[in-house]
S.K.: 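This structure is in structure tokens; I'll ask about it shortly.
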Amino acid sequence: MPVEEFVAGWISGALGLVLGHPFDTVKVRLQTQTTYRGIADCIVKIYRHESLLGFFKGMSFPIASIAVVNSVLFGVYSNTLLVLTATSHQERRAQPPSYTHIFLAGCTGGFLQAYCLAPFDLIKVRLQNQTEPRAQPGSSPPRYQGPVHCAASIFREEGPRGLFRGAWALTLRDTPTVGIYFITYEGLCRQYTPEGQNPSSATVLVAGGFAGIVSWVAATPLDVIKSRMQMDGLRRRVYQGILDCMVSSIRQEGLGVFFRGVTINSARAFPVNAVTFLSYEYLLRWWG
Ligand SMILES: CN(C)C(=N)NCCC[C@H](N)C(=O)O
């Protein structure tokens, strides 16, 4: 099994993550808390109350973990294509795989990465939702003091399965939308690249950025449900399951609830995925 795709996925995931984390914090807050009037209000409040560091809450853990998850995503995607089409990454420009194969390989990558991502994403969301400023003498400490403390507390208070809270919603979110992600990327690259050639850097940046936006717009409804399921269980259980969470969210907030955070999600998705695909492509060309 070729491993370069896993390594390239790891590095490109880490680069994309640092760039996108502040957007991600604003998105998670908008999706799970009702105290903010919109993106600008949320940004101002985080900055005033928690300083610039507030935007980077919960990042240290994902930088290691999400990079591993991205490595699984790109590694599984490329190796599934290898099984389906018998072509390596280098051969795929001359012998492009069909969109059906790309979609199937993307869905396989999305499905497998969701299970690796679930506990890390849960910890990230719980930490991002802590609104307390940094610990000061005399003030009560936040519930979770860091990622390891957060993981240990969830394990103790909610059991080992608690670490996988929201995993089903995450799998439903990622399986089809990662298929869409790779189809959009490949489709745009092919559209703007002469046959048999490698896409230019500008094409990779634009195709990667749009692949991020299109797939995240499709993923946002289940992303909202996933984030809510992950916050459920913190004090008392509110939802019986995914369907119950959907129904009660619609009842209380209307259908618009499914698009909470879609603007910030898209604003985050473009730079993150432009950089992810650019570094991924270049690392593979460099090694290949
Ligand atoms: C819509 N979804 C779930 C995706 N497109 N997933 C693929 C990776 C996305 C990238 N690491 C990011 O954080 O944007």
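Note: hydrogens, waters and symmetry copies are ignored here, and every other heavy atom, side chains too, is used. Atoms within a ligand are numbered from 1 in the order they appear, just like the ligands themselves.
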S.K.: For the residue pair Phe210 and Phe277, is the inter-centroid distance of their aromatic rings smaller than 6.0 Å?
M.R.: no
S.K.: Would Leu30 end up clustered with Phe56 when hydrophobic side chains under 4.5 Å apart are linked, directly or stepwise?
M.R.: yes
S.K.: Can you check whether Ser215 has an N/O within less than 3.5 Å of an N/O in ligand 1?
M.R.: yes
S.K.: For atom 8 (C) of ligand 1, which protein heavy atom lies nearest, and how many Å away is it?
M.R.: Leu73 CD2, 3.7 Å
S.K.: Donor-acceptor pair, distance only, cut-off 3.5 Å: does the side chain of Asn273 make one with the backbone of Gly208?
M.R.: no
S.K.: Nearest to atom 11 (N) of ligand 1, what protein heavy atom do you find, and at what distance?
M.R.: Asn70 OD1, 3.8 Å
S.K.: Which is it for Ile180 and ligand 1 at heavy atoms under 4.0 Å: side chain, backbone, both or neither?
M.R.: neither
S.K.: Considering non-hydrogen atoms of the protein only, which is the closest contact for atom 3 (C) of ligand 1, and what is the distance?
M.R.: Asp174 OD1, 3.0 Å
S.K.: Checking contacts here: is it the side chain or the backbone of Asn273 that comes within 4.0 Å of ligand 1, counting heavy atoms only? Could be both or neither.
M.R.: side chain
S.K.: Salt bridge check, Arg228 against Glu253: does any charged N sit closer than 4.0 Å to a carboxylate O?
M.R.: yes
S.K.: What is the closest protein heavy atom to atom 14 (O) of ligand 1, and at what distance does it sit?
M.R.: Trp216 NE1, 2.8 Å
S.K.: With heavy atoms of Ala219 as the reference, note each atom of ligand 1 found under 4.0 Å away.
M.R.: 1 (C)
S.K.: Is the backbone N or O of Leu82 less than 3.5 Å from a side-chain atom of His89, with the two atoms forming a donor-acceptor pair by type?
M.R.: no
S.K.: Compute the shortest N/O to N/O distance between Arg173 and ligand 1 and return yes if it is under 3.5 Å, no if not.
M.R.: no
S.K.: Without swapping roles, check the side chain of Ser279 against the backbone of Thr276 for a donor-acceptor pair under 3.5 Å.
M.R.: yes
S.K.: Around atom 6 (N) of ligand 1, find the nearest protein heavy atom and jot down its residue, atom name and distance.
M.R.: Val178 CG2, 3.6 Å
S.K.: Taking everything shown except Tyr47 itself, do over 12 heavy atoms lie less than 6.0 Å from its OH?
M.R.: no
S.K.: Does ligand 1 come near enough to Arg268 that some N or O of the ligand is less than 3.5 Å from an N or O of the residue?
M.R.: yes
S.K.: Answer yes or no: is there an ion pair linking Arg285 with Glu4, defined by an N-O contact shorter than 4.0 Å?
M.R.: no
